[in-house]
Amino acid sequence: MNKEAAVYRRKKIVKYLLIHLAIIAFVVVCVYPLLRILSVSMRPGDKLISTDLSLIPAGAAFDAYVRLLKETLFLRWLWNSLLITVATSFIGVSLASTAAYAFSRFRFAGKKGGLILLLSTQMIPAGMLILPLFLMIMKLGLMNTYLGMIIAYSVSSLPFSIWILKGYYDTIPRSLEEAALVDGTSQVGAFWRIILPLSTPALSIAFLFNFTTAWNEYLVARVVLFSSKQYTWTLGLFELQGQYITQWGMFAAGSMLVTIPVLIVFLYSSKWLISGLTLGSVKG
Amino acid sequence: MDIIYSIYEVLWFALIVLMGIALIEGYFYYHFKFYARRWFFPAALVGFPLAAAALCRALGLAADPVKPFLWFLGSEALITLFFRHIVKGRNKLAYLLLAPAFIGLALLLVYPFIFEIYLSFHDLKLTTIMQWKNTGSLPFAGIRQYVNVFTTSPLSEVTFWALLGRTLWWTFINVFFHVAGGFTLALLLNNNIRFKGFYRTLLVIPWAMPQVVAVLAMRGEFHSQYGFINIMLVKLAAAYPILAGLGVGPVQWLSNYPLTTCTLINIWLGIPFMMVVILGGLQSISSSYYDAADIDGASYLQKLRYITIPLIRPVLMPAVTLGTVWTFNNINVIYLVTGQSGGTERADILVSALYKAAFTYNRYSYSAAFAIVIFAMLFFISVFYLKSFDAAKEER
């Protein structure tokens with residue numbers, strides 16, 4: 001009996017060991033490229049091009065970071081991205097929060113049609129609308145400006161945001177608003193003072209979603225912006241990586257500076273993002 | 001100084017947006033307030049389009065005020081009919097809340113779509129674009145662009161049919177490996193092991209990194225001389241001469257195998273999403289099913305086949321659908337890898353060829369027709385798919 005238990009235990013240990021090994025192998029594959037960027041970004045200036053594979057290069061230094069900040073417009077690119085992204089997220093979330101309230105609390109003619117319209121806009125491939133948007137922006141004379149970018153981005157995440165916010169408002173009991181209405185506020189007052197404060201988690205998720213989409217966007221920026229002063233960071237990094245292999249170090253340094261905050265935000269919010277994504281598609 | 005100016009520019013824009021919203025809200029508010037008065041409809045039908053045309057003229061949006069007048073007359077007629085016969089003054093707040101979002105969608109999603117259809121029947125290219133910009137008129141082309149889509153190459157030599165085949169292959173291979181990889185990882189992580197949260201966090205890194213950084217970094221790793229993969233191959237060949245004899249050695253990934261490179265990168269990028277979704281599904285399966293199966297003496301594979309897979313289907317199917325659409329429409333990976341000047345077109349799929357035809361080759365009308373063809377294909381596939389999905393639901 002005891003012997004059998006020992007065999008069973010040994011089998012179990014071997015099994016768990018194998019599982020850990022398998023997972024660790026996958027983890028290495030997932031994390032290694034990031035570590036490589038880190039190591040390249042810390043290579044000293046005279047050894048940028050090398051076939052060295054060590055994670056912390058000999059004579060590690062922050063030359064690349066210093067050069068990136070001094071010789072390129074990296075900070076300006078970050079600033080451009082930030083401005084465009086914050087503006088689009090504000091527009092997107094404020095439009096979505098009110099529209100979602102209408103969908104959640106009212107029964108009106110055209111409600112179902114509106115919801116279907118929202119879903120069907122998701123079927124239009126994003127790449128398809130770049131051309132007409134580009135031409136519209138050109139016609140309005142907004143090429144190479146923040147405004148053009150903000151206009152192009154502002155509604156791209158709107159259907160998704162409306163969809164998550166509606167789902168969240170649906171979970172807030174109506175009796176809260178009814179109590180407020182009895183106490184004499186208007187419907188708008190109830191929305192402003194009760195629903196909006198209660199739905200800060202959903203609002204922040206919608207904001208984050210808008211933010212990350214615009215922050216990581218590349219294809220529209222590529223065609224709207226053409227002077228390097230107006231570039232967003234995605235265009236800047238593409239140019240650094242594309243030109244010469246000698247700029248590898250600066251590319252890597254820039255990548256690290258951009259990636260770390262994004263990673264932190266993502267890890268914090270991924271749980272809600274996923275539930276929002278699959279929720280929308282299940283109903284669709 | 002630049003920074004102050006840029007803030008000023010954005011604030012100015014915010015002001016325009018706010019004014020626009022106020023205008024829209026006021027416009028609808030007056031419809032609600034006065035829709036029942038007898039004088040309102042004639043007044044609205046004349047007054048609003050006149051005011052809108054004057055505004056367009058003043059802002060310099062249209063040189064000829066007749067066209068906007070007619071446009072607004074048409075939409076005003078529709079809106080007044082809508083108010084008189086459908087809304088009848090009810091649900092004022094709902095419409096006021098919806099108006100800004102829907103007008104935004106109409107201007108920036110629906111209008112571009114219609115504009116693209118218009119473009120596809122005209123001839124806009126590098127030689128006619130200045131004419132269009134100044135006068136707004138374009139030579140009519142009939143269905144010539146659509147014929148061109150099927151008969152000439154969107155880029156320099158690859159044909160539409162080759163692109164279509166490559167796209168289907170690309171979508172299938174990617175989604176297959178995403179699901180297979182995600183499923184394996186989720187099964188591994190679903191055991192009761194230590195550091196589970198830690199592993200999970202590390203495993204989602206490819207998904208969490210900004211895609212531009214992830215793809216460009218991976219592209220660097222495929223560099224023929226300094227990329228990780230070729231360094232490893234060289235080292236392997238040096239350490240084991242037998243392998244070198246078998247042909248192991250550095251590979252020109254980016255120039256000789258661009259599609260393989262893109263596929264490998266995209267598989268790497270897409271597995272974490274599937275893993276997270278499937279893991280969520282696995283964790284919601286009650287362990288009592290497995291206990292019952294254990295009592296019946298079921299093997300691991302049997303449990304997988306008869307419990308796990310049927311029970312995660314409701315989570316898996318939407319994720320696979322979403323993943324298929326994303327992969328089909330993935331311009332980012334391919335463009336970032338092959339998009340530089342002199343980049344190859346042997347890795348292009350439909351959507352990336354669309355992007356390059358429009359912005360590298362400047363064939364605007366052609367790519368508009370191309371986009372409509374792609375959209376029509378996607379549309380029919382998804383209608384068909386949804387129908388079969390509904391049928392499957394009814395069967396159950």
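Just so we're clear, the structure is a prediction, and the values are computed from it rather than from any experiment. Protein chains get the first letters and strands the later ones, always in sequence-line order, with residue 1 at the start of each.
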When [options] are compared by non-hydrogen pairs under 4.5 Å with chain A, the top option:
options: B:Ile193, B:Ile129, B:Thr184; result: B:Ile193
options: B:Thr201, B:Val17, B:Asn192; result: B:Asn192
options: B:Gly181, B:Ala371, B:Ala208; result: B:Ala208
options: B:Val110, B:Ile21, B:Val213, B:Leu107; result: B:Val213
options: B:Val234, B:Ile86, B:Asn191, B:Val325; result: B:Asn191
options: B:Phe328, B:Phe115, B:Tyr355; result: B:Tyr355

Any non-hydrogen side-chain atom of [X] less than 4.5 Å from a side-chain atom of [Y]?
X: B:Arg194; Y: A:Tyr16; answer: no
X: B:Ile374; Y: A:Met128; answer: no
X: B:Leu105; Y: A:Pro159; answer: yes
X: A:Phe26; Y: B:Tyr199; answer: no
X: A:Arg36; Y: B:Phe228; answer: yes

Shortest non-hydrogen separation from [X] to [Y] and the atoms involved:
X: A:Phe108; Y: B:Ala94; result: CD2-CB, 3.7 Å
X: A:Cys30; Y: B:Leu202; result: CB-O, 4.0 Å
X: A:Trp248; Y: B:Gly220; result: CZ2-CA, 3.3 Å
X: B:Pro112; Y: A:Met136; result: CG-SD, 3.9 Å

Chain B interface, residue from [options] that has the most non-hydrogen pairs under 4.5 Å:
options: A:Ser255, A:Ala252, A:Pro132; answer: A:Pro132
options: A:Phe103, A:Tyr146, A:Tyr101, A:Phe90; answer: A:Tyr146
options: A:Val188, A:Ile151, A:Leu135, A:Leu118; answer: A:Leu135
options: A:Val29, A:Ile23, A:Val86; answer: A:Ile23
options: A:Thr234, A:Ile37, A:Val223; answer: A:Val223
options: A:Leu34, A:Val31, A:Ile91, A:Leu131; answer: A:Leu131

Can you say whether [X] sits under 4.5 Å from chain A via the side chain, the backbone, both, or neither, judging by heavy atoms?
X: B:Leu354; value: side chain
X: B:Ala217; value: both
X: B:Leu119; value: side chain
X: B:Phe102; value: side chain
X: B:Ala214; value: neither
X: B:Phe370; value: neither
X: B:Met232; value: side chain
X: B:Tyr118; value: neither
X: B:Val351; value: neither
X: B:Met218; value: side chain
X: B:Phe113; value: both
X: B:Asn230; value: neither
X: B:Thr321; value: neither
X: B:Trp12; value: side chain

Measure the [atom1]-[atom2] distance between [X] and [Y] for me, rounded to the nearest 0.5 Å.
X: B:Ile331; Y: A:Arg222; atom1: CD1; atom2: CZ; answer: 13.5 Å
X: B:Ser6; Y: A:Arg76; atom1: OG; atom2: CZ; answer: 6.0 Å
X: A:Met138; Y: B:Trp132; atom1: CE; atom2: CH2; answer: 5.0 Å
X: A:Leu129; Y: B:Glu116; atom1: CG; atom2: CD; answer: 6.5 Å
X: A:Thr98; Y: B:Leu96; atom1: OG1; atom2: CG; answer: 10.5 Å
X: B:Lys196; Y: A:Ile19; atom1: NZ; atom2: CD1; answer: 10.5 Å

Please classify the contact of [X] with chain B as side chain, backbone, both or neither, using a heavy-atom distance under 4.5 Å.
X: A:Trp233; value: side chain
X: A:Ser94; value: neither
X: A:Lys111; value: neither
X: A:Ala87; value: side chain
X: A:Arg107; value: backbone
X: A:Phe134; value: side chain

Query raised in the report: Okay, side chain of B:Asn329, backbone of A:Gly127: is any donor-acceptor separation there less than 3.5 Å?
Result: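 Judged by distance alone, no pair lies under 3.5 Å.
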
Query raised in the report: Hey, which of A:Leu158, A:Leu117, A:Ile124 is the one that makes side chain to side chain contact (heavy atoms under 4.5 Å, CB included) with B:Leu109?
Result: A:Ile124

Query raised in the report: Considering residues, nucleotides and ligands other than A:Lys139, do more than 12 of their heavy atoms fall under 6.0 Å from its NZ?
Result: yes

Query raised in the report: Parallel, tilted or perpendicular: which fits the ring planes of A:Tyr218 and B:Tyr335, with parallel below 30° and perpendicular above 60°?
Result: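 Rings of A:Tyr218 and B:Tyr335: tilted, 30 to 60°.
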
Query - Stepwise side chain to side chain contact (heavy atoms under 4.5 Å, CB included) check, B:Ile7 with A:Trp79 - result: CA-CA 10 Å; B:Ile7 293 180; A:Trp79 170 251; 3.7 Å; yes

